[in-house]
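Residue indices begin at 1 and follow the sequence shown.
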Amino acid sequence: MANRRCLQLLTSRVSALFSANPPFHTLSTPPPLSTHEPLKALISNSPLVFTPHWSAHTRHFSSDRNDDVNEDSQDDDDDDEIGYSSDDGSLSKGGGSKREYTAEEMEEEAAGIGYKVVGPLEKTDDGVFKPYEPVFAVIQIGSHQFKVSNGDSIFTERLKFCEVNDKLILNKVLLVGTSSQTMIGRPIVPDAAVHAVVEEHALDAKVLIFKKKRRKNYRRTKGHRQELTKLRIIDIQGIQKPEPVVTEKPSKAPGKKPEKVAVAA
């Protein structure tokens, strides 16, 4: 009853303020309501209608320590939605469509990493794999450097836009040398290139990532296997290669075997 009387007095005073100076005794008061009618009907029947706009988002206040764990788990789920496809290294979100590269974009991105795709290895290429030559080079692929010679095999991070048995030209050559001379680039040796063939695309050994927050009941274990590309070095160009020196073994002169002489006891 007290709340209803206060509301009636409030509505009468507000209506008097907004009216065009009416006499005090002519102010109309809302009809009395029974105690069973809700507050919403009282507001709708009053001269001044007030409709509050409540926010659709509710807030929950809690002092539970597990709230941080739930937020971290949501962040981990969001990270899993974005992934990289393993076919060509293009970015795909939530299993959506892959990014399509044009020929110019593929060539430009491959040149930025440090290689150029020549084409597939054909059956007519018989002299591709040459014997060992005393020449070495230091090449850069992405952010890694390798010292290679003819016939070596190296593992790099997964190279895009190339398949197995494709011929590559590694054009970021930092150093080329032989047993008699060495050429150092600034930073790249001009007119130097290393030819290679893609042998396989493989996965590295699994690495475990373990996260823990003490006193939060938070533990996460994930595994990661890095995608790798195996390259076989077939030729190094850009330096004069020394001629192989053939050393012949001296032949023994034919001679008679010494005869055994019996010694008398």
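Contact record, G223 with I209: C-CD1, 4.4 Å, taken as the closest heavy-atom pair. Nearest heavy-atom pair across E157 and H144 is OE2-NE2, 3.4 Å. Closest of all the heavy-atom pairs between E105 and Y101 is OE1-CA, 3.7 Å. Smallest separation of non-hydrogen atoms from A193 and I169: CB-CG2, 3.9 Å.
Every residue was checked against the side chain to side chain donor-acceptor pair (under 3.5 Å) condition with Q145, not counting sequence neighbours, and none meets it. Taking the salt bridge (charged side-chain N to carboxylate O under 4.0 Å, His left out) definition, one finds that D125 meets it with K167, sequence neighbours left out.
The environment of E108 atom CD is sparse: at most 12 non-hydrogen atoms of other residues, nucleotides or ligands sit within 6.0 angstrom.
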Show me, pair by pair, the donor-acceptor contacts under 3.5 angstrom made by side chains of residues 128-140, not counting sequence neighbours?
from: E133; atom 1: OE1; to: K241; atom 2: NZ; distance (Å): 2.9
from: Q140; atom 1: NE2; to: G142; atom 2: O; distance (Å): 3.2

Distance-only check: which donor-acceptor pairs under 3.5 Å involve side-chain atoms of residues 111-123, not counting sequence neighbours?
from: Y115; atom 1: OH; to: K160; atom 2: N; distance (Å): 3.4
from: Y115; atom 1: OH; to: K160; atom 2: O; distance (Å): 2.4

Residues V198, L231; criterion side-chain contact (heavy atoms from CB on, under 4.5 Å); working and verdict: CA-CA 5 Å; V198 179; L231 301 179; 3.8 Å; yes
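Hydrophobic clustering of Ile, Leu, Val, Met, Phe, Trp and Tyr side chains at less than 4.5 Å, counting indirect connections, unites L170 with M106. Residue F146 is grouped with residue I236 when hydrophobic side chains (ILVMFWY) are merged at heavy-atom distances under 4.5 angstrom, including chains of intermediate members. Under a hydrophobic clustering in which Ile, Leu, Val, Met, Phe, Trp and Tyr are joined whenever their side-chain heavy atoms come within less than 4.5 Å, directly or via other members, L168 and V148 fall into the same cluster.
The side-chain contact (heavy atoms from CB on, under 4.5 Å) with L175 is formed by just one residue from the set T182, V189, I188; it is T182.
The shortest side-chain heavy-atom distance between C162 and H201 falls under the 4.5 Å cut-off. Residues I239 and Q181 meet the side-chain proximity criterion, which asks for heavy atoms closer than 4.5 Å.
Judged by distance alone, with hydrogens and angles left aside, the side-chain atoms of R225 form no donor-acceptor pair with the main-chain N or O of A205 at under 3.5 Å.
How far CG of L228 is from CG of L203: 7.5 Å, rounded to the nearest 0.5 Å. One distance of note links OG1 of T229 with CG of L159; it measures 4.5 Å at 0.5 Å rounding. The CG atom of N150 sits 10.0 Å away from atom CZ of R232, with the distance rounded to the nearest 0.5 Å. Rounding to the nearest 0.5 Å gives a distance of 10.0 Å between CD1 of I141 and CG of N171. Once rounded to the nearest 0.5 Å, the distance linking CG of L174 with CZ of R186 reads 14.0 Å. Here CD of Q226 is found 4.0 Å from NE2 of H224. Values are rounded to the nearest 0.5 Å.
Hydrophobic cluster of L9: no remaining members, since no ILVMFWY side chain lies below 4.5 Å from it. Its side chain outside the 4.5 Å cluster rule for every partner, L208 clusters with none of the Ile, Leu, Val, Met, Phe, Trp and Tyr residues.
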